[in-house]
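Nothing fancy with the numbering, it's 1 onward along the sequence. Below, each value reflects all heavy atoms present in this structure, side chains not excepted, and no hydrogens, waters or symmetry copies.
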Amino acid sequence: MTTLTDLLTKIGSKSIEVLDLTAPLCSDTPVLHLPEPFANTIPAALETVSNFDDDGPMWAWNNLHTGEHTGTHLDAPTHWITGRDGASVDQIPPERLIGPVAVIDVTAEVEANPDFVLEVEHIEAWEAEHGPLPDGAWPILRTGWGERGSDPVRFANADADGPHTPGLSVAAAKWLAESSPITGFGVETVGIDAGIAGGFDPMFPAHYFLLGHDKYGLTQLRNVDKLPTLGAVLVASPLPIVGGTGSPARVFALVERA
């Protein structure tokens, strides 16, 4: 039996679970809103081409209207000024879209403070307990935010001062980009930066450092609470949009179950 045959057998027997980490994509899917004077992307919408009618009596299909960075999506390096000369989403090697998962659980901290940001010392404490981040890893920040995904107001958690959602500190973003062997970073929130990161120096450091060092972001992940700390394998499948700065993506994890 080959390795791939063995994998398929275990998936079929449910001893390896294919866990969907993707939020449903629809008109109600939360979208990041930037303040004026900045432009914003459009929400997802379907436009009927035909629906078993005179325009197409035996088939139904739609035009999809959405932004590259809507819903569960991947950020490519060209999304940010520091990575503007890097890879667009169609140029990302497919093997880099598969890698080990490392879950960093900060749900207690976020429950106490929605503006919580992960610091280098939190990562070092995680590594002291679980070992170094694996080569090619996708660390996922578990915050509990995914359960807010069906309520755009709670998900945005915004007030007059802006959104209040967890993320990375400047130092942690820089460390992950420059000193760790990871491929990308995943979050349950609308973007890979904290809600207050517009006031950091540099602004939005997760974007600034990670994308500037040929590392990627995955946002609006679901079912993160069902992942083990280590041992799962992530599979991300963005559309290969030529010249795209990102793409909505279906994201899975392969999880061994006893």
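- Listed by first and then second residue, the side chain to side chain donor-acceptor pair (under 3.5 Å) pairs that reach into residues 179-192 are Thr143-Glu188, sequence neighbours excluded.
- A distance of 13.0 Å separates OG1 in Thr165 from CZ in Phe116, rounded to the nearest 0.5 Å.
- Criterion: ILVMFWY side-chain heavy atoms under 4.5 Å apart, direct or through other members. Under it, Leu8 and Ile16 are not part of a common hydrophobic cluster.
- Rounded to the nearest 0.5 Å, atoms CG (Asn63) and OG1 (Thr66) are 13.0 Å apart.
- Residue Leu25 belongs to no hydrophobic cluster, having no ILVMFWY side-chain heavy atom closer than 4.5 Å to its own.
- Hydrophobic clustering, defined by side-chain heavy atoms of Ile, Leu, Val, Met, Phe, Trp and Tyr closer than 4.5 Å, groups Trp61 together with Val49, Met58, Trp59.
- Using a 4.5 Å cut-off between side-chain heavy atoms of Ile, Leu, Val, Met, Phe, Trp and Tyr, Ile140 falls into a hydrophobic cluster with Leu19, Leu21, Leu74, Val89, Ile92, Leu97, Val101, Val103, Trp138, Tyr216, Leu218, Leu221, Val224, Leu227, Leu234, Leu239, Ile241, Val251, Val255.
- Between Pro139 and Gly184, the shortest heavy-atom contact is CD-O, 3.0 Å.
- Considering only heavy atoms from C-beta on, Val187 stays 4.5 Å or farther from Trp145 through its side chain.
- Residues meeting the ring pair (Phe, Tyr, Trp, His ring centres under 6.0 Å) test with Phe252, sequence neighbours left out: none.
- Using a distance-only test at 3.5 Å, with no hydrogens or angles considered, a donor-acceptor pair links the side chain of Glu127 to the main chain of Leu133.
- Residues satisfying the side chain to side chain contact (heavy atoms under 4.5 Å, CB included) test with Pro100, not counting sequence neighbours, are Pro134, Ala137.
- Ala156 and Pro163 make their closest contact through O-CB, 3.6 Å (heavy atoms, listed as atom of the first residue, atom of the second, distance).
- The backbone N or O of Leu118 lies less than 3.5 Å from a partner atom in the side chain of Ser169, making a donor-acceptor pair.
- Of the possible donor and acceptor atoms, one in the side chain of Lys215 sits under 3.5 Å from a partner among the backbone N and O of Ala177.
- Here side chain to side chain donor-acceptor pair (under 3.5 Å) pairs that include residues 190-199, with residues two or more places apart or in two chains, are Asp193-His207.
- Listed by first then second residue, pairs satisfying side chain to side chain donor-acceptor pair (under 3.5 Å) with a partner in residues 21-40 read Asp20-Thr22, not counting sequence neighbours.
- Taken from CD in Glu109 to CD in Glu119, the straight-line distance is 12.0 Å, to the nearest 0.5 Å.
- No side-chain donor-acceptor contact under 3.5 Å links Thr70 to the backbone of Pro43.
- Judged as a side chain to side chain donor-acceptor pair (under 3.5 Å), the pairs with a partner in residues 151-164 (not counting sequence neighbours) are, in order, Asp115-His164, Glu147-Arg154, Asp159-His164.
- Under a cut-off of 6.0 angstrom, the local environment of CD in Glu111 is sparse, with at most 12 non-hydrogen atoms contributed by other residues, nucleotides or ligands.
- A donor-acceptor pair shorter than 3.5 Å can be found between the side chains of Thr245 and His69.
- Heavy-atom minimum distance, Pro30 versus Pro152: CG-CA, 4.3 Å.
- Between Ile98 and Val233 there is a side-chain heavy-atom pair separated by less than 4.5 Å.
- The shortest non-hydrogen separation linking Pro77 to Asp214 is CG-OD1, 3.6 Å.
- The neighbour count for Glu178 CD, taken as heavy atoms of other residues, nucleotides or ligands under 6.0 Å away, is above 12.
- In this structure the side chain of His122 never reaches within 4.5 angstrom of the side chain of Leu141, judged on heavy atoms.
- With sequence neighbours left out, Asn62 forms a side chain to side chain contact (heavy atoms under 4.5 Å, CB included) with Leu46, Thr48.
- Side-chain contacts under 4.5 Å among hydrophobic residues (ILVMFWY), followed directly or transitively, place Ile196 together with Trp80, Ile81, Val117, Val170, Phe200, Met203, Phe204, Tyr208, Phe209, Leu211.
- Under a hydrophobic-cluster definition in which Ile, Leu, Val, Met, Phe, Trp and Tyr are linked whenever side-chain heavy atoms come within less than 4.5 Å, directly or via other members, Val235 and Val18 are assigned to the same cluster.
- Taken from CG in Asp225 to OG1 in Thr107, the straight-line distance is 9.5 Å, to the nearest 0.5 Å.
- Annotation: Phe52, atom CZ; neighbour count of heavy atoms from other residues, nucleotides and ligands within 6.0 Å is above 12.
- Atoms CD and CG, from Glu17 and Asn223 in turn, are 8.5 Å apart once rounded to the nearest 0.5 Å.
- When every heavy atom of Cys26 is checked against every heavy atom of Ala44, the shortest pair comes out as O-CB, 3.5 Å.
- Taking the side chain as every heavy atom from C-beta outward, Glu47 and His65 approach each other to under 4.5 Å.
- Side-chain contact between Gln220 and Val190: present, with at least one pair of heavy atoms (C-beta onward) separated by less than 4.5 Å.
- Judged as a side-chain hydrogen bond (donor to acceptor under 3.5 Å, both in side chains), and not counting sequence neighbours, the contacts of Gln91 are Ser88.
- Put simply, Phe38 and Leu32 are part of the same group of oily side chains (I, L, V, M, F, W, Y) that touch within less than 4.5 Å, one to the next.
- Annotation: side chain of Pro24 is in contact with side chain of Arg222 (closest heavy-atom distance under 4.5 Å).
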Evaluate the side-chain contact (heavy atoms from CB on, under 4.5 Å) criterion for residues Arg84 and Thr78: first the C-alpha distance (whole Å), next the side-chain angles of each, then the deciding distance (0.1 Å), finally the verdict. CA-CA 4 Å; Arg84 64 186 303 172; Thr78 52; 5.8 Å; no

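- Here CD of Glu121 is found 9.0 Å from CD1 of Ile123. Values are rounded to the nearest 0.5 Å.
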